[in-house]
Amino acid sequence: MSTAAKIFIDGQFRAAEEAHPVIEAATGEALGDGASSTEAEIDAAVAAAAAALPAWQSASPDHRATMLNAFAAALDQRARGTDELVTRENGMPMSLSRGANGRFPAALVRYYAQLITDTPIEEIRPSMIGHTVVRREAVGVVAAIVPWNYPQALAAFKLAPALAAGCTVVLKAAPETALDALVFAEAAAEAGLPPGVLNVVPGGAAAGAYLVAHPGVDKVTFTGSTAAGRAIGEVCGRLLRPVTLELGGKSAAIILDDADLDATMKGLRTASFVNNGQTCHLSSRILAPRSRYEEVLAALVDMVDGLKVGDPLDTSTDIGPLVSDRQRDRVLGYIESGKNSSAKLVAGGSVPADQQRGWFVSPTVFADVDNTDRIAQEEIFGPVLAVIPYDGDDEAVALANDSEFGLAGTVWSTDDERATEVARAVRTGTIGINDYQLDFRAPFGGVKASGIGRELGPEGLDAFFSLKSIYRVGPAET
Ligand code: NAD
């Protein structure tokens, strides 16, 4: 399959000036040409977003909600092709892609369409001289920069609340997933979103950096690596430009000594491995109580041996390929570092013998890992777990918190209250008890090197408002 590279600016599809091949993760073959958006194209996208802003932000919330519901319907119609396209681009197993790339974006757009109609745009508060009108105004032109691992879902995290709030958006998709980003453009065109309200310009890091610093941008919202997040944060700090950063993680699964190991292992299949280990919130450090250490390790190795590695388009596959040869080599590099440490390799540790095409890595487990080792401290972003023994709940919490990151985590126990007490002590933005299921009605994000700000829930909408206080003399009219 070959497609001409496209971008979407001011309601029009244009042939991209520059392109790169998008590679199918499972085969290593070219899937199509993705746009490598140029500075001139990004200038045009920002100009279109700025021109569309006054009408879109002053439209009534009900009108925007109607438009967004039409946008959601158009996304829904494409869901069954979008899920497969993303699976080909990044290797995400189809069983996950159906929801994450297929159904989820439309559901989130509908959620924010409802929320904007329920959110008071102006509130009146009594003041010393009379009353104050506290007004929520769209923050302006938003630069939304997303990675390749959940390209549709993570773009929706940003587009849905930004558009609902009255912002206009320039979406910069990652080069690895430049093709599926255009689905948003097709849906916007079909739904009749006004030209310029949503613009799509895929490209690499340089295109992203150019967009972040663009004088026409009012707010940056970024999901990606901590390294890129720091660079973007520095630029936004200098420009005093509001920024939301959703970055990396190295979360801990704390298995308490009363855990039901069968249920725990069932949960860890996703909590630790979902999307082939390419998920920011994964519990990739397994903290195991020393009193049950051998039992936990045996159960874990058993669970990992049962994971089906293979064609991501097959709905029974648990682990597909990594997104690129670069990512596979990076993950294999971490596995080498684990092999050269004092840790013990107990599962996986290489490219599977029967998967030499594409970018596969066997699910891998290292036991007896020291929490200061590289494989316990750095985000690997592949199917590699580090098992670390501990004595007592306090040490488990201390180990969980002994990390540069603070995005997520899990606690596994038959006692919900005890697990919740442990969860309260872990310094992260989110944490799951006996599972990890993101809830789009609740804020999501990290602390420490995992980021700044929150997405999802009403808090995710607030991130696209700027607040204005209008002080008025005398009592408020009723
Ligand atoms: P990356 O940071 O290299 O790239 C992410 C996006 O940012 C891409 O679109 C890329 O082109 C762009 N980019 C890179 N450098 C940039 C710069 N200096 N300025 C502007 N844009 C730039 O990350 P990746 O390797 O593609 O994605 C994996 C990372 O994303 C992991 O670290 C993972 O934890 C993180 N992630 C975080 C979350 C979260 O919500 N916290 C969710 C998913 C992924």
Side-chain angles (χ1 to χ4, degrees), residues 20 22 25 34-37 39 42 89-90 92 100-101 143-158 170-178 180-181 200-214 217 220-236 239 241 243-251 274-284 322-324 326-331 334 378-382 403-409 428-430 436 438 440 443-456 460 463:
H20 64 276
V22 175
S36 307
S37 300
E39 293 185 359
I42 291 169
E89 287 172 316
N90 73 2
M92 178 186 289
N101 299 302
I145 299 175
V146 292
W148 44 260
N149 62 336
Y150 288 77
Q152 289 282 311
L154 295 174
F157 276 28
K158 301 176 189 319
V170 178
L171 172 66
K172 207 287 295 162
E176 296 85 348
T177 47
D180 71 85
V200 182
V201 282
Y210 184 73
L211 178 60
V212 164
H214 200 289
V217 165
V220 175
T221 174
F222 170 79
T223 298
S225 62
T226 293
R230 283 188 207 283
I232 291 169
E234 280 179 25
V235 172
C236 290
L239 296 171
R241 182 164 291 174
V243 61
T244 299
L245 300 170
E246 298 287 3
L247 310 176
K250 187 76 186 183
S251 300
V274 71
N275 199 19
N276 320 327
Q278 300 175 130
T279 305
C280 51
H281 58 66
L282 288 185
S283 291
S284 52
L322 300 183
V323 66
S324 62
R326 198 191 82 173
Q327 183 69 9
R328 180 204 50 195
D329 293 348
R330 202 173 151 251
V331 171
Y334 276 109
E378 295 180 21
E379 183 179 50
I380 298 176
F381 230 53
S403 168
E404 179 194 9
F405 299 107
L407 184 59
T428 57
T430 63
Y436 186 95
L438 210 132
F440 68 67
F444 175 82
V447 298
K448 302 195 278 183
S450 292
I452 296 174
R454 293 291 178 268
E455 297 191 293
L456 302 181

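Whatever order the structure lists them in is the order used to number ligands and atoms, beginning at 1. For this chain, numbers begin at 1 and follow the sequence in order.
- The backbone N or O of G382 sits nowhere less than 3.5 Å from a side-chain atom of R330 that would complete a donor-acceptor pair.
- The shortest contact between atom 23 (O) of ligand 1 and any protein heavy atom is with S225 N, 3.4 Å.
- In summary, the atoms of ligand 1 found under 4.0 Å from a heavy atom of A209, numbered by their order in the structure, are 19 (N), 20 (C), 21 (N).
- Expressed to the nearest 0.5 Å, how far OG1 of T279 lies from CG of L407 amounts to 11.0 Å.
- Close approach of ligand 1 to G208 (heavy-atom distance below 4.0 Å) involves ligand atoms 19 (N), 20 (C), 21 (N).
- Interface atoms of ligand 1 facing T223, defined by a heavy-atom separation under 4.0 Å, are 5 (C), 36 (N), 37 (C), 38 (C), 39 (C), 40 (O), 42 (C), 43 (C), 44 (C).
- Residue L154 has at least one heavy-atom neighbour below 4.0 Å for each of these atoms of ligand 1: 42 (C), 43 (C).
- Contact atoms of ligand 1 toward A228: 2 (O), 14 (C), 15 (N), 16 (C) (distance under 4.0 Å to a heavy atom of the residue).
- Residue, atom and distance of the protein heavy atom nearest to atom 24 (P) of ligand 1 are W148 NE1, 3.5 Å.
- The N/O atoms of G224, backbone and side chain alike, include one that comes under 3.5 Å of an N/O atom in ligand 1.
- The distance from atom CD1 of I380 to atom CG of L282, rounded to the nearest 0.5 Å, is 11.0 Å.
- At a heavy-atom distance under 4.0 Å, only backbone atoms of V146 (N, CA, C or O) approach ligand 1.
- Atoms of ligand 1 found under 4.0 Å from any heavy atom of G203, numbered from 1 in the order shown, are 11 (O).
- Inclusion of E379 in the set of residues having an N or O under 3.5 Å from an N or O of ligand 1 is warranted.
- In this structure, V201 and V170 have side chains that are in contact, with non-hydrogen atoms separated by less than 4.5 Å.
- The distance from atom CG of L322 to atom CZ of R328, rounded to the nearest 0.5 Å, is 8.5 Å.
- The closest approach between any non-hydrogen atom of G451 and ligand 1 is not below 4.0 Å.
- Heavy-atom contacts of G204 reach the following atoms of ligand 1: 11 (O) (cutoff under 4.0 Å).
- A distance of 4.5 Å separates CZ of F444 from SG of C280, quoted to the nearest 0.5 Å.
- Summarising the geometry, atom CD belonging to E89 is positioned 12.0 Å from atom CH2 belonging to W148; distances are rounded to the nearest 0.5 Å.
- The structure places OG of S450 at 12.0 Å from NE2 of H281, a figure rounded to the nearest 0.5 Å.
- Atom 18 (N) of ligand 1 has A231 CB, 4.2 Å as its closest protein atom, hydrogens excluded (heavy atom only).
- Distances from ligand 1 to the non-hydrogen atoms of F444 include at least one value under 4.0 Å.
- Side-chain contact check for D180 and Q152: at least one donor-acceptor pair (N or O, by modelled atom type) lies under 3.5 Å.
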Atom pairs and distances, donor-acceptor, side-chain atoms in residues 244-251, under 3.5 Å, two or more places apart:
unit_1: T244; atom_1: OG1; unit_2: K219; atom_2: NZ; d: 2.6
unit_1: E246; atom_1: OE2; unit_2: E455; atom_2: N; d: 3.4
unit_1: K250; atom_1: NZ; unit_2: I375; atom_2: O; d: 2.9
unit_1: K250; atom_1: NZ; unit_2: E378; atom_2: O; d: 2.9
unit_1: S251; atom_1: OG; unit_2: A408; atom_2: N; d: 3.2
unit_1: S251; atom_1: OG; unit_2: A408; atom_2: O; d: 3.2

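- At the top of the distance list for atom 27 (O) of ligand 1, counting protein heavy atoms only, stands P147 CB, 3.5 Å.
- Under 4.0 angstrom from ligand 1, the non-hydrogen atoms of I145 all belong to its side chain.
- Where the criterion is an N or O separation shorter than 3.5 Å, residue side chain and backbone included, N149 fails it with respect to ligand 1.
- Protein heavy atom at the shortest distance from atom 38 (C) of ligand 1 is C280 SG, 3.0 Å.
- Of the protein's non-hydrogen atoms, A205 CB, 3.6 Å is the one closest to atom 14 (C) of ligand 1.
- Distance check for atom 4 (O) of ligand 1: every protein heavy atom is found at 4.0 Å or beyond.
- When only modelled atom types and interatomic distance are considered, T223 and K158 share a side-chain donor-acceptor pair under 3.5 Å.
- More than 12 heavy-atom neighbours from other residues, nucleotides or ligands sit within 6.0 angstrom of CG on L438.
- In plain terms, the two heavy atoms of I145 and L211 that are nearest each other are CG1-CD2, 4.3 Å.
- Using a non-hydrogen distance threshold of 4.0 Å, Y150 does not register as a contact of ligand 1.
- For I232, every heavy-atom contact with ligand 1 shorter than 4.0 Å involves the side chain, none the backbone.
- In this structure, G445 has no heavy atom closer than 4.0 Å to ligand 1.
- When hydrogens are left out, the protein atom nearest atom 11 (O) of ligand 1 is K172 NZ, 2.7 Å; that is the closest non-hydrogen contact.
- The heavy-atom pair separating F440 from L456 by the smallest distance is O-CB, 3.7 Å.
- Checking Y210 against S37 by side-chain atom types alone, no donor-acceptor pair falls below 3.5 Å.
- Residue, atom and distance of the protein heavy atom nearest to atom 7 (O) of ligand 1 are F222 CE1, 3.1 Å.
- For a threshold of 3.5 Å applied to N or O pairs, the pair formed by R326 and ligand 1 contains no separation below that value.
- Inclusion of L247 in the set of residues having an N or O under 3.5 Å from an N or O of ligand 1 is warranted.
- Between P151 and V146, the closest side-chain pair of non-hydrogen atoms is not below 4.5 Å.
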